[in-house]
Enquirer: 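Pasting in a structure now, in structure tokens, and then I'll have a few things to ask.
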Amino acid sequence: MAKLLVLTVLGIGLALFRDHRSSYKTRFNAFREVKPVELPNCNLVKGIERGSEDLEILTNGLAFISSGLKYPGIKSFEPDKPGTILLMDLNEKHPTVLELEITGSNFDLASFNPHGISTFTDEDNVVYLLVVNHPDFKTTVELFKFQEEEKSLLHLKTIRHKLLPNVNDIVAVGPEHFYATNDHYFVHPYLRSWELYLGLSWSYVVYYTPNETRVVAEGFDFANGISVSPDGKYVYIAELLAHKIHVYEKHANWTLTPLKSLDFDTLVDNISVDPVTGDLWVGCHPNGMRIFYYDPENPPASEVLRIQNILTEEPKVTVVYADNGTVLQGSTVASVYKGKLLVGTVFQKALYCEL
């Protein structure tokens, strides 16, 4: 209630000042143009036409891809179709995508609206896929068991919690244990829009278990992608509208302590971590205004960053790929496997490259 009162007061006061619009445009990088950075061996993935918002590659080269996201204020090319989870085998010479069948009597396929995803492989090599879902623009986390031979997902459980109202991305640390980013504090669309416009930095990160759920980090201007280091000691959080990636130290009791932050000239979305090198691969939006205000004549650009040695005093940041939207629009995620790069987008296509 206190935050609602503050929001009302701030809304009335700040709305009177037109110069706040410049701050809004700065946060969204409204004036950034992209200098293309091309890769020589890239092709668009056949069968992906309505987004590949998040993806996760297993150690054996199988990639899960969430497709068909419908998110408030974001373009959707097929708004009447439910979302899907796609499978791609990066060991193939010319990999293609396959839609995974979802089984389970209690799962509503018609309202499936997948967002961030994460996998966990247990000691018996059972692969669990956790999917952020927005049925009717609410938030649940769906737990699936991957059945490789059947090329299907068995739905095991739907997770709901009051501290998971606006989940964007998750990183699994157990079959039912994960960290999650809430990209907004408010649920109501009107209040969400003011929160976004005013840059209130009230979004937060939660640690979830079936027995206990708590806020472990807060104060973000649109908390977005989240991932964990290969050794499990650090958690990386992307703060989209502050153009930052935060490094947190993870403790034995699952609490987080801020360690450092990196600033970028782009809106950082999802974070993938190379399990071999520990490098971060980040899908980015050079100009966020073009994502939220879609114009096919001036489409959103794409950008992929590679961050090496992030824990050192001088991390190395490389723009691996950049496109002005003529090929790839609105990149959200990038991940690598044995010299191959897969780049996903919020509502358009996906790009496959041999590095």
Enquirer: By side chain to side chain contact (heavy atoms under 4.5 Å, CB included), which residues pair with P315, not counting sequence neighbours?
Expert: K260, L262, I307, T312

Enquirer: Under the 3.5 angstrom rule, does the side chain of S203 hit a backbone N or O of F220 as a donor-acceptor pair?
Expert: yes

Enquirer: Does Y234 reach the side chain of I310, with side-chain heavy atoms less than 4.5 Å apart?
Expert: no

Enquirer: Tell me whether S66 contacts the main-chain N or O of D54 through its side chain, where contact means a donor paired with an acceptor under 3.5 Å.
Expert: yes

Enquirer: Do the side chain of R306 and the main chain of D279 share a donor and acceptor less than 3.5 angstrom apart?
Expert: no

Enquirer: Ring centres under 6.0 Å, that's the criterion: do F112 and F107 meet it?
Expert: yes

Enquirer: Does a donor on one side chain and an acceptor on the other come within less than 3.5 Å for H177 and T209?
Expert: no

Enquirer: What are the two closest non-hydrogen atoms of H184 and Y71, and how far apart are they?
Expert: CE1-OH, 3.5 Å

Enquirer: Which is it for H243 and L267 under the side-chain contact (heavy atoms from CB on, under 4.5 Å) test, yes or no, and what are the steps along the way?
Expert: CA-CA 5 Å; H243 316 160; L267 279 67; 3.6 Å; yes

Enquirer: Using the rule given for side-chain contact (heavy atoms from CB on, under 4.5 Å), can you reason through H115 versus V167, listing the C-alpha separation, both sets of side-chain angles and the distance that settles it, and then say yes or no?
Expert: CA-CA 9 Å; H115 199 167; V167 179; over 6 Å; no

Enquirer: Would you name the heavy atoms of P82 and A110 that are closest together and state the gap between them?
Expert: CB-O, 3.6 Å

Enquirer: So F146 and L62, side-chain contact (heavy atoms from CB on, under 4.5 Å) or not? Walk me through it.
Expert: CA-CA 11 Å; F146 176 49; L62 293 180; 4.0 Å; yes

Enquirer: Should we count CG of N106 as having more than 12 external heavy atoms under 6.0 Å?
Expert: no

Enquirer: Short question: side chain of T140, backbone of R160 - any donor-acceptor pair under 3.5 Å?
Expert: no

Enquirer: Tell me if a side-chain donor or acceptor on N270 pairs with a main-chain N or O of E53 at a distance below 3.5 Å.
Expert: yes

Enquirer: Tell me, do Y337 and L58 make a side-chain contact under 4.5 Å, heavy atoms counted?
Expert: no

Enquirer: Is there a side-chain contact between L69 and H134 in this structure, where contact means two heavy atoms from C-beta onward sitting under 4.5 Å apart?
Expert: yes

Enquirer: Taking S331 for its side chain and E303 for its backbone only, find out whether a donor-acceptor pair lies under 3.5 Å.
Expert: yes

Enquirer: Is the shortest heavy-atom distance from the side chain of L143 to the side chain of F120 under 4.5 Å?
Expert: no

Enquirer: Is there a path from V282 to V319 through hydrophobic residues (I, L, V, M, F, W, Y) whose side chains come within less than 4.5 Å of each other?
Expert: yes

Enquirer: So, do F186 and W194 sit near enough that their side-chain heavy atoms are less than 4.5 Å apart?
Expert: no

Enquirer: Cluster question for you: counting only ILVMFWY and a side-chain heavy-atom cut-off of under 4.5 Å, with indirect links fine, are F222 and V206 together?
Expert: yes

Enquirer: Any sub-3.5 Å donor-acceptor pair from K70's side-chain atoms to K81's backbone N or O?
Expert: yes

Enquirer: Ring centroids only, cut at 6.0 angstrom: are Y208 and F178 within range, meaning strictly under it?
Expert: yes

Enquirer: Of all heavy-atom pairs between S152 and L100, which one has the smallest distance, and what is that distance?
Expert: N-CD2, 3.9 Å

Enquirer: Specify whether Y24 and Y197 have parallel, tilted or perpendicular ring planes, treating 30° as the upper limit for parallel and 60° as the lower limit for perpendicular.
Expert: tilted

Enquirer: Using modelled atom types and a 3.5 Å cut-off, is there a donor and acceptor pairing between side-chain atoms of N324 and backbone atoms of T326?
Expert: yes

Enquirer: Going by the angle between their ring planes, with limits at 30° and 60°, are Y207 and Y179 parallel, tilted or perpendicular?
Expert: tilted

Enquirer: Short question: side chain of K250, backbone of G232 - any donor-acceptor pair under 3.5 Å?
Expert: yes

Enquirer: Begin from the C-alpha positions of T345 and S52 and carry the test side-chain contact (heavy atoms from CB on, under 4.5 Å) through to its verdict.
Expert: CA-CA 5 Å; T345 66; S52 44; 3.9 Å; yes

